[in-house]
Amino acid sequence: MTTVNMKDYVNGNVNENKAVQEVIGKISKAETKVSANVINTVVPILGNKERTLEQRAEDIGELKGILASSIASGLSKVILKIPVRLLAMDTAYQIPERTERSLGKLLKEWDYDSCDPLLGVPHFEDGYIAVVDGTGRVRASNIIDSDKYKKLDVTVLLKAPSDPKERQKFEAKKYEYQNSGTEPLKDYQKHGARLIREDRPTMLLEELKHQYDFDWVLKKGQREGGILGSYPYTRELCEKYGRSCMEYILDICKKSGFNRLSNGYSRCVFKALRDMWRYYASDRNKTEQFLSEYLHGKTPALIKARSKVAYEYLDADAAFSFYIEDAIVENLHLQQTRKLSDDEQKLEVIRKFA
């Protein structure tokens, strides 16, 4: 892949070499052969949707100038800075809802230097680059700073079919399979990087790992003793509830012996203990001591089985949590925080909690 400085070619007053002139001549002839059966569903993402014929002609000329050298060099793709007004999307295969849904996250986490270049296909007959990956980034850049991001980096695919219908199929496939060649990083794979940049939840998790001697594994399935059931959920607990909640959970697991049992650090167990920490905040010392003794000699599998018998219509996590709550309410004579709904399929909070 090559990045080309097109400064000399954008200016229409400079002389183009013979090869470039020949290529542009071919493009001019090809763009008149657009099939009458193809409905044009390509619209600018941010540009003028009501261009005059003169403006359209200018955009066509500018696009040719930007890409001429790359095409003449026989490149299959090239990274170039493209004016955002020349960036378009094909509404036949792109769903606006998907872009709008991801726009909020893009704006919140905006870092242009970390963004990959957009991916686009030239439409010389309209003077547009049809973006097949990155429409959201175009819109986000305009909201962040429209003056700063008048041009965006685009990987332009220069070997797309010339026939509009076949070109649209080519684009649709690129859109459908975007990022399919890369495996997203799992949360635990980001652990080291987060430590380096001093991410607070990750740093707390690392401290607790050494303090309570647990670990995590790279595959799904039943966990041996001392292995976290869910790295993402445990980090989420660190982020949302902090050290106090995590030490409450891990102390109970350690004192009860759950830390040595299969699935003793499962999400189900952590979620139930988190609920007790939340719902009975003023009685945390009592509930911690009671649960450390109550769970001793039992197994996560036993509690799970009994809870599903008692509350068969609740999901497994909710049933496990409610079974534990019933135990502390009955034995410690505390006021119940939750109750079963009338259809017994969910839990309802019936009193305020800290």
Evaluate the criterion salt bridge (Lys or Arg N to Asp or Glu O under 4.0 Å) for residue pair Lys346 and Asp315; output intermediate values, then yes/no.
-> CA-CA 8 Å; Lys346 61 183 179 179; Asp315 67 64; over 6 Å; no

Evaluate the salt bridge (Lys or Arg N to Asp or Glu O under 4.0 Å) criterion for residues Arg85 and Glu62: first the C-alpha distance (whole Å), next the side-chain angles of each, then the deciding distance (0.1 Å), finally the verdict.
-> CA-CA 11 Å; Arg85 62 183 178 78; Glu62 182 174 358; 2.3 Å; yes

Under a 4.5 Å cut-off applied to non-hydrogen side-chain atoms, are Leu208 and Leu250 in contact?
-> yes

Above 12 or not: heavy atoms from other molecules or residues under 6.0 Å from CZ of Arg243?
-> yes

Distance-only donor-acceptor check, side chains Tyr280 and Glu325, under 3.5 Å | yes

Can you tell me which residue pairs pass the salt bridge (Lys or Arg N to Asp or Glu O under 4.0 Å) test with a partner in residues 287-310, sequence neighbours excluded?
-> Lys255-Glu288

Pi-cation contact, Tyr128 with Arg51 (under 6.0 Å, within 45°) = yes

Charged N-O contact under 4.0 Å between Asp133 and Lys174 = no

So, do Ser256 and Leu291 sit near enough that their side-chain heavy atoms are less than 4.5 Å apart?
-> no

ring-ring contact (aromatic ring centres under 6.0 Å, His included) with Phe270: which of Phe258, Tyr265, Tyr248, Phe214?
-> Tyr265

Is a side-chain N or O of Asp199 found less than 3.5 angstrom from the main chain of Leu195, in a donor-acceptor match?
-> no

Under 6.0 Å from the OH atom of Tyr112, do we count more than 12 heavy atoms belonging to anything else shown?
-> yes

Whether over 12 other heavy atoms sit under 6.0 Å from Lys339 NZ = yes

Check whether Phe290 and Leu302 end up in the same hydrophobic cluster, where Ile, Leu, Val, Met, Phe, Trp and Tyr are linked by side-chain heavy atoms less than 4.5 Å apart.
-> no

Are Ile71 and Phe124 close enough that some pair of their side-chain heavy atoms sits under 4.5 Å apart?
-> yes

Any chance you could lay out the side-chain hydrogen bond (donor to acceptor under 3.5 Å, both in side chains) test for Ser114 and Asp111, step after step, and finish with the verdict?
-> CA-CA 5 Å; Ser114 298; Asp111 180 2; 2.7 Å; yes

Does NZ belonging to Lys190 count more than 12 external heavy atoms closer than 6.0 Å?
-> yes

Pair Gln168-His123, side-chain hydrogen bond (donor to acceptor under 3.5 Å, both in side chains): steps then yes or no = CA-CA 10 Å; Gln168 188 180 52; His123 287 216; over 6 Å; no

Indicate yes or no: does Arg260 engage Asp213 in a salt bridge with an N to O separation below 4.0 Å.
-> no

Among Lys64, Arg167, Arg56, which residue meets the salt bridge (Lys or Arg N to Asp or Glu O under 4.0 Å) test with Glu125?
-> Arg167

With a cut-off of 6.0 Å (strictly less than), are more than 12 heavy atoms of other residues, nucleotides or ligands near CD of Glu198?
-> no

Is it the case that more than 12 heavy atoms not belonging to Gln289 sit under 6.0 Å from its CD atom?
-> no

Arg137/Asp116 ion pair, N-O < 4.0 Å | no

In this structure, are over 12 heavy atoms from other groups packed under 6.0 Å from Lys49 atom NZ?
-> yes

Derivation of the side-chain hydrogen bond (donor to acceptor under 3.5 Å, both in side chains) call for His191 and Arg235 | CA-CA 10 Å; His191 186 82; Arg235 183 183 172 278; over 6 Å; no

Between Arg197 and Thr202, does any side-chain donor sit less than 3.5 Å from a side-chain acceptor?
-> no

Show your working on salt bridge (Lys or Arg N to Asp or Glu O under 4.0 Å) between Asp187 and Arg194 and close with a plain yes or no.
-> CA-CA 10 Å; Asp187 240 32; Arg194 286 170 169 164; 3.5 Å; yes

N/O donor-acceptor pair under 3.5 Å between Gln94 side chain and Thr91 backbone | no

Are any of the side-chain heavy atoms of Leu80 and Pro117 separated by less than 4.5 Å?
-> no

For Asp343, does the CG atom sit with more than 12 other heavy atoms under 6.0 Å from it, leaving out its own atoms?
-> yes

Common cluster, Tyr294/Leu332, ILVMFWY with side-chain heavy-atom separation under 4.5 Å | yes

Cation over ring, Lys105 on Trp110, under 6.0 Å and within 45°?
-> no

So do Ser292 and Asp251 actually touch side chain to side chain, heavy atoms under 4.5 Å?
-> no

Under the ring pair (Phe, Tyr, Trp, His ring centres under 6.0 Å) criterion, do Trp216 and Tyr188 qualify, and how do the steps go?
-> CA-CA 8 Å; Trp216 46 83; Tyr188 61 79; 8.2 Å; no

Decide yes or no on side-chain hydrogen bond (donor to acceptor under 3.5 Å, both in side chains) for Thr337 and Arg278, but give the supporting numbers first.
-> CA-CA 10 Å; Thr337 299; Arg278 291 180 65 205; over 6 Å; no

